[in-house]
There are 4 protein chains.
Amino acid sequence: MPKIVDEQTREATRRRIIREAAGEFARLGFDQANINTIAEQAGIGKGTIYLYFENKRELFLAMLRYIAQAHMAAIRAAIAADGTLEQRLKRLFLAFARLAAEENDSFNVFMSALYGVNRAFQAEATKLLRDYLAVIALMLEQSRAHGELQCDNLEATALMVLSLTESYVLSARVLGQADTDIWKQADDIAQFILRGIGALA
Amino acid sequence: MPKIVDEQTREATRRRIIREAAGEFARLGFDQANINTIAEQAGIGKGTIYLYFENKRELFLAMLRYIAQAHMAAIRAAIAADGTLEQRLKRLFLAFARLAAEENDSFNVFMSALYGVNRAFQAEATKLLRDYLAVIALMLEQSRAHGELQCDNLEATALMVLSLTESYVLSARVLGQADTDIWKQADDIAQFILRGIGALA
Amino acid sequence: MPKIVDEQTREATRRRIIREAAGEFARLGFDQANINTIAEQAGIGKGTIYLYFENKRELFLAMLRYIAQAHMAAIRAAIAADGTLEQRLKRLFLAFARLAAEENDSFNVFMSALYGVNRAFQAEATKLLRDYLAVIALMLEQSRAHGELQCDNLEATALMVLSLTESYVLSARVLGQADTDIWKQADDIAQFILRGIGALA
Amino acid sequence: MPKIVDEQTREATRRRIIREAAGEFARLGFDQANINTIAEQAGIGKGTIYLYFENKRELFLAMLRYIAQAHMAAIRAAIAADGTLEQRLKRLFLAFARLAAEENDSFNVFMSALYGVNRAFQAEATKLLRDYLAVIALMLEQSRAHGELQCDNLEATALMVLSLTESYVLSARVLGQADTDIWKQADDIAQFILRGIGALA
DNA sequence: CATGAATGAGTCTTCATTCAT
DNA sequence: GATGAATGAAGACTCATTCAT
């Protein structure tokens, strides 16, 4: 009954597969990605993947969920409830910029899922999008409670904040801007948002 | 004389292929899209497509360029140099919203190309993104000349405007918002931007 | 519009595939038979088979139906309505013996389908079995009308006749009897049947 | 002492595997049958099967031999040397009918092996066929000694008897006849055979 | 002895592309 | 030019078998 050891090994293998899958999916997209290649890179046999994931689709979704968890953890940490709204906005923007830079693969694969055509994946990615919006809305609400801003429509505003952070970072990277250059814009973005939501009269 | 007629027929066929390709690619994505189906829907033989396009990839790119032209025409018309900056921003937002609603297929296919993983397609889609930014930057410059705003970094500001219009529309649709609801937000978005760029004291 | 020529070529290819399929299926059974091998032996490309048959299963069924037609033609010819009942019974037995000897592959594949476990194939093979019984019953009816025999239950009797001809041949071959030896038993079998059905008081 | 217990346990496990294998093979055929499923249904680990049987093929053959023993025992009991030839023939027919009805799985799997394409299995099944013929020939010989019939060629006659009993039952079942209906035909079949072999003037 | 996680050979099927007509 | 029959590379997935525990 070496259950504990097994469970650990199993989880480690599962992680390794997901990591390699993320690389492959990010590089080639869902259809072009090759299960055999993923297995090779994960250092396991071709059939072994199917002991961990039902099929290619489920592997992709599992990977997406794993990414989602990691990203949400990063975002939550970034806009933890301390400091001014300006500071939190800057940290949010920088969190997205860092994710895009350091978790390049998973950031790309998530964006592809979100804005791609495969509805099944879009549904899963949309969940993460809603989580983003929820924590942003929470941050705005807290700031409103602190009298830092007045705001009627929290949801719409949250979506504007998200567009000016995540989408901005995504577009900037697509346009070829260097990550360090993007980081430098944190101040401007934060200022823009604060003025936009009327927190900086 | 027959030259012209032939040329017209040829161009018409080319358009028909591209139109059907847009539908198929938007619905299924590049890999899942089927050349045979596109040919059938375009009312031509399977082999005929290869008389018009080198291969599947080139067909996709041609379609992307065709979409880009149409979209840019719509955007240019929307922010033609008349009216106040606020009016022009509202028209820009509404233009994106209408493209997303009425040219659903081509809007989706373009976003997939832009944020998807295939670099060749991303490069092509990025061109359109740059064109967007250029016309937005031009608009901002004209407004600055009119004294409507002060602005140091036109490029970064243009990207913020783009994020708050195109990306906002895209995200809102992914979240399942109705098109009519999105349209109603034009005023708020425009106000947000104007305040953000410091045009509304 | 070279329809006629095409139609002929197409039909020829179809026949060739079916012929090779019969050999492969008879030698290895449905599951072990290899579509690639069939294609190679038929002198066509791997994918071409799928232009003629939906999938492996449909190819098998088409082959079964083709065999059924050929066998029924042979059986009908054998017990054509001329000669005495004894002569017709001998011809029937010999027809089965010849089919088993000369159309070895198709005889085997049909028997496998009939007595094998795959229900879908069994259903198709059962149709042929019923056809056999129908023509045998018809023969018995004609003989009864001629006063050659008295018989209450035509169906059951027909099944006995079939068992003593087809099944007998099949069993004899499984037991390793030489085809020529089997042929020699036609007289005895016919006599047995005639006595059995009470036509030889 | 523990030797015997172990030996018993081992034999019991072997039996259980064979029993489950018979069900699986009868239902799906050799190729489609799944070793894993058999192990599960036998309540043992996948690998354990290989401690009892060399491989899938050997398991199938062992099962075939096991079935053969059981069937032969039933047939031997049915035509035990008491009663008239007519009674013994009826008991033979009913024995096959009961085997087909009550030992459905093993009857089917045996017939598949006998008339299927896999030569190795056919060889094994043929052994049982020869055993059948031997006991039938013995019965005929005993009847001849009792003066119940005259017969030159015992082997051929035995094969006819087998065709009119086993093969008849098999065909009747393939045609969908109910088991109870088949049983009712025992008298007719016996009469037919007796007349056929000249035992009923 | 018993187990079941790991393996990888094997196969059907799809579909972009070619080319003879 | 137009066609669509033919092609074959490519890949997801299964499952009998092994072997470390």
Side-chain angles (χ1 to χ4, degrees), chain A residues 1-3 5-6 9-10 13 30-40 42-59, chain B residues 6 9-10 13 30-40 42-60, chain C residues 1-3 5-6 9-10 13 31-40 42-59, chain D residues 6 9-10 13 30-40 43-60:
Chain A
M1 254 227 246
K3 258 292 180 56
V5 174
D6 266 13
T9 309
R10 194 179 162 75
T13 302
F30 179 77
D31 290 289
Q32 291 292 328
N34 186 316
I35 287 282
N36 290 13
T37 305
I38 294 173
E40 271 176 36
I44 58 173
K46 204 189 318 184
T48 308
I49 282 190
Y50 292 90
L51 297 177
Y52 289 85
F53 303 95
E54 190 88 18
N55 51 38
K56 194 183 185 182
R57 208 185 95 102
E58 288 303 320
L59 167 57
Chain B
D6 271 5
T9 307
R10 193 176 164 76
T13 301
F30 179 76
D31 289 289
Q32 293 291 330
N34 188 315
I35 287 283
N36 205 357
T37 305
I38 294 173
E40 270 176 36
I44 58 171
K46 199 195 323 185
T48 309
I49 284 189
Y50 291 87
L51 298 176
Y52 290 85
F53 303 95
E54 188 87 16
N55 52 38
K56 194 183 187 184
R57 209 184 92 108
E58 289 304 321
L59 167 58
F60 188 88
Chain C
M1 254 228 245
K3 259 289 179 60
V5 174
D6 266 12
T9 308
R10 192 178 164 75
T13 302
D31 289 290
Q32 290 292 329
N34 185 316
I35 286 282
N36 289 11
T37 305
I38 293 173
E40 270 176 38
I44 57 172
K46 204 187 320 183
T48 308
I49 282 190
Y50 292 89
L51 296 178
Y52 289 84
F53 303 95
E54 190 88 16
N55 51 38
K56 194 183 185 182
R57 207 185 97 102
E58 289 304 321
L59 167 57
Chain D
D6 272 5
T9 308
R10 192 177 165 75
T13 302
F30 179 77
D31 290 289
Q32 292 292 330
N34 188 315
I35 287 282
N36 206 357
T37 305
I38 294 172
E40 270 176 36
I44 58 171
K46 200 194 325 184
T48 309
I49 283 190
Y50 290 88
L51 298 176
Y52 290 84
F53 303 95
E54 188 86 17
N55 51 37
K56 193 183 187 183
R57 209 185 92 107
E58 289 303 322
L59 168 57
F60 187 88

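As a basis for the values below, the full set of heavy atoms in this structure was taken, side chains included, without hydrogen atoms, waters or symmetry mates. Just so we're on the same page: letters track the sequence lines, and every chain starts at 1. The model shown is predicted, which means the values in this text are computed figures rather than measured ones.
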- request: Figure out the CD/C1' separation between B:E54 and E:dA16, and round it to whole Å.
  value: 13 Å
statement: Under a 4.0 Å heavy-atom criterion, the protein footprint on nucleotides 1-6 of chain F, written with B, S and -, is SBBBBB
- request: Nearest whole angstrom, please: distance from the C1' of F:dC15 to the CG of C:D31.
  value: 13 Å
message: Please classify the nucleic acid contact of C:A39 as base, sugar-phosphate, or nothing, using heavy-atom distances under 4.0 Å.
response: nothing
message: Give me the atom names and distance for the closest heavy-atom approach of A:D31 to B:Q32.
response: OD1-NE2, 2.6 Å
query: When the distance from CD of D:Q32 to P of E:dT11 is rounded to whole Å, what number comes out?
result: 14 Å
- line: For D:F30, the ring-ring contact (aromatic ring centres under 6.0 Å, His included) test, sequence neighbours excluded, returns D:F25, D:F60, D:F121
side-chain hydrogen bond (donor to acceptor under 3.5 Å, both in side chains) involving B:N36 - partner list, sequence neighbours excluded: none
Structure string for DNA chain F in dot-bracket form, Watson-Crick and G-U at under 3.5 Å, | interchain: .||||||||||||||||||||
message: Rounded to whole Å, please give me the gap between CD1 in D:I38 and P in F:dT17.
response: 11 Å
CA sep, side-chain torsions, deciding dist, call: A:L59, A:I35, side chain to side chain contact (heavy atoms under 4.5 Å, CB included): CA-CA 10 Å; A:L59 167 57; A:I35 287 282; 4.1 Å; yes
query: Roughly, in whole Å, what's the span from CD in C:E58 to C1' in E:dT13?
result: 15 Å
query: Say you draw a straight line from CD of A:E54 to CD1 of A:I49; how long is it, rounded to the nearest 0.5 Å?
result: 13.5 Å
message: Rounding to an integer number of Å, can you tell me how far A:N55 CG sits from F:dG11 P?
response: 17 Å
- request: Not counting sequence neighbours, which residues clear ring-ring contact (aromatic ring centres under 6.0 Å, His included) with A:Y50? List them please.
  value: none
task: Round to the nearest Å and state the distance from C:N36 atom CG to F:dA9 atom P.
output: 11 Å
- prompt: How far apart are the closest heavy atoms of D:G45 and D:A39, and which atoms are they?
  reply: O-CB, 3.8 Å
Taking every non-hydrogen atom, the tightest pair across A:A33 and A:K56: O-NZ, 2.9 Å
C:K56 NZ - E:dC12 P separation (whole Å): 4 Å
message: OP1 or OP2 of F:dA16 versus the side-chain N and O atoms of D:N34: is any pair under 4.0 Å?
response: yes
query: Taking only residues two or more places apart in sequence, or in another chain, which ones meet A:E40 in a side chain to side chain contact (heavy atoms under 4.5 Å, CB included)?
result: none
message: Quick check: on DNA chain F, is the nucleotide nearest A:R57 upstream (toward 5') of the one nearest D:R57, or the reverse? Name the residue that is more 5'.
response: A:R57
